[in-house]
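All remarks here apply to the structure that follows.
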Amino acid sequence: MSTPRPAIHFVSGLPRSGSTLLVNLLGQNSRHHVTPTNGLVNLVGGLRDSWMRNDAFVAQGLERVEPRVGAAIRGMMYGFYEQELTAGKVIFDKNRGWLPHIELLEVALRRKVHMLCTVRDVKEVVASFERLHRAEPLARRAYLGPAFYKATTIHGRAQVLLEPGGIVGSAINLVRDSLSRGTSDRVIVVPYGTLTSDPCGTLAEIHERLGLPPFSYDPENVEQITVEDDMLHGWGKNLHRIRAKVEPPSSDPWEVLPVRVCKWIDANYGDINHLASLTPST
């Protein structure tokens, strides 16, 4: 059996920044296979993190085993998508955790990889979570826990979300790191505002960057083909739900936040907000 061609791309970025919308738009193309938040990254990371602790490998000499581990990761990834790759499909695997693994993926796949990275003004991201928080008051949010009392105010909830270990803060750190450690040319930044105001132009740019043939997308009729159980994440039913028609956000989508919270976010996350104002080709 011939080795499947390496047509696997990766989707990452900030939460509430359009990654689910992006993959469902890409999924309109029958030549594409798109995923919801997928766990393949955990399999890849688990193998990478465990092989050097294996006594049998240590006894052989880790330097002898290392090339085999890279090949094993490659085989695992191709095997995971054997059906789709055999059918000639292009894979878009979505998980925020891919960004730290760019170099690992390049060693394993023996090629330059591309990472679609959705970003959004951090005020909008926090405001989106705030709306989710208010929409279903009977659902206890996953980020509360020890931060329960801190998260009883809007500012406190924003701080919890943006902490280094928070759902937004951790993603921001991954984006910042990927753009500063010498892998920025692998990262295709997809701003939420551009994706929602000019979806066809944004997708055309992505096709050009990835070397894919042109395709006519229909942002007026987007069928959600990826499914995720958002109750598992503690955010109710709407964390990954998209609308059928792509529309830009309102002029001030962060209006649910107090002015002082907006100023605090702008002061600390201006670099991310700048990224969110760019076009994909910038």
### Task
Please check if the side chain of Ser128 supplies one atom and the backbone of Glu124 the other of a donor-acceptor pair under 3.5 Å.
no
## Note on the structure
Nearest heavy-atom approach of Lys123 to Cys262 is CD-CB, 3.6 Å
### Ile265 side chain reached by Val261 side chain, heavy atoms, under 4.5 Å
yes
### Query
Any idea which heavy atoms bring Ile206 and Leu116 closest together, and the distance?
CG2-CD2, 4.0 Å
### Query
Under a single-linkage definition using a 4.5 Å side-chain heavy-atom cutoff for Ile, Leu, Val, Met, Phe, Trp and Tyr, are Tyr192 and Ile172 assigned to the same hydrophobic cluster?
no
### Query
Going through the distances and angles, do Ile188 and Leu210 end up as a side chain to side chain contact (heavy atoms under 4.5 Å, CB included)?
CA-CA 9 Å; Ile188 301 174; Leu210 297 181; 3.8 Å; yes
### Any side-chain heavy-atom pair of Pro191 and Ser277 under 4.5 Å
no
### Message
Closer than 3.5 angstrom, by distance alone: can the side chain of Thr35 be matched with the main-chain N or O of Asp93 as a donor-acceptor pair?
### Response
no
### Query
Atom NE2 in His114, atom CD1 in Ile102: separation rounded to 0.5 Å?
10.5 Å
## Note on the structure
Here the gap from Asn24 atom CG to Thr226 atom OG1, rounded to the nearest 0.5 Å, amounts to 3.5 Å
### Task
Measure across Leu99 and Ser12 and return the closest heavy-atom pair with its distance rounded to 0.1 Å.
CG-OG, 3.3 Å
### Arg110 atom CZ, neighbour heavy-atom count above 12 within 6.0 Å
no
### Query
Any side-chain heavy atom of Pro248 within less than 4.5 Å of one from Thr196?
yes
### Query
Would you call Pro15 and Val168 a side-chain contact if the rule is heavy atoms closer than 4.5 Å?
yes
### Task
Start with the C-alpha distance between Trp98 and Val44, add both sets of side-chain angles, then the distance that settles side chain to side chain contact (heavy atoms under 4.5 Å, CB included), and finish with yes or no.
CA-CA 10 Å; Trp98 281 122; Val44 170; 4.1 Å; yes
### Task
Taking the side chain as every heavy atom from C-beta outward, state whether Leu179 and Asp271 have any pair of such atoms under 4.5 Å apart.
no
### Message
Looking at every heavy atom in both Ser170 and Ile167, which two are closest together, and how far apart are they?
### Response
OG-O, 3.6 Å
### Query
Do Asn95 side-chain atoms and Gly39 backbone N/O form a donor-acceptor pair below 3.5 Å?
no
#### Entry: More than 12 heavy atoms from other groups under 6.0 Å of NE2 on His274
no
### Message
Please report the interatomic distance CD1(Ile91) to CZ(Phe10), rounded to the nearest 0.5 Å.
### Response
10.0 Å
Show me the donor-acceptor pairs, under 3.5 Å and distance only, between side chains in residues 54-77 and residues at least two apart or in other chains.
residue : atom : partner : partner atom : Å
Asn54   : OD1  : Ala56   : N            : 2.9
Asn54   : OD1  : Phe57   : N            : 3.1
Arg74   : NH1  : Ala108  : O            : 2.5

### Task
Only one of Arg186, Lys112, His101 passes side chain to side chain donor-acceptor pair (under 3.5 Å) with Glu106; say which it is.
Arg186
### Query
When clusters are formed by joining ILVMFWY residues with side-chain heavy atoms under 4.5 Å apart, either directly or through shared neighbours, do Val256 and Leu161 land in the same one?
yes
#### Entry: Side-chain donor/acceptor of Thr152 to backbone N/O of Tyr149, under 3.5 Å
yes
### Message
Quick one, Leu47 with Leu43, criterion side chain to side chain contact (heavy atoms under 4.5 Å, CB included). Give me CA distance, side-chain angles, the key distance, then yes/no.
### Response
CA-CA 6 Å; Leu47 179 54; Leu43 299 179; over 6 Å; no
### Task
Determine whether Asp266 and Val122 make a side-chain contact, defined as any pair of heavy atoms from C-beta on separated by less than 4.5 Å.
no
### Query
Can Val107 be reached from Met115 by stepping across I, L, V, M, F, W or Y side chains whose heavy atoms are under 4.5 Å apart?
no
### Summary
Minimal heavy-atom distance between Pro253 and Arg131, with the atoms involved, is O-NH2, 2.6 Å
### Query
Aromatic ring centroids of His32 and Phe92 under 6.0 Å?
yes
### Task
State whether the side chain of Arg120 and the backbone N or O of Arg16 hold a donor-acceptor pair below 3.5 Å, judged by distance alone.
yes
### Query
Does the side chain of Leu162 come within less than 4.5 Å of Trp264's, by heavy atoms?
yes
### Message
Looking at every non-hydrogen atom in both residues, tell me the closest pair between Ala171 and Gly13 and how far apart they are.
### Response
CB-O, 3.9 Å
#### Entry: Full working for side chain to side chain contact (heavy atoms under 4.5 Å, CB included) between Val11 and Val34
CA-CA 9 Å; Val11 181; Val34 301; over 6 Å; no
### Rounded distance [0.5 Å steps], CG in Asn29 versus CG in Leu212
8.0 Å
#### Entry: Interatomic distance, Lys245 atom NZ to Asp218 atom CG [nearest 0.5 angstrom]
11.0 Å
### Query
Would you say the side chain of Arg176 lies within less than 4.5 Å of the side chain of Ile272, judging by non-hydrogen atoms?
yes
### Task
Say whether Leu26 and Phe215 are linked into one hydrophobic cluster, either directly or through other cluster members, by side-chain heavy-atom distances under 4.5 angstrom.
yes
### Inter-residue atom distance Asn221.CG - Gln28.CD, 0.5 Å rounding
8.0 Å
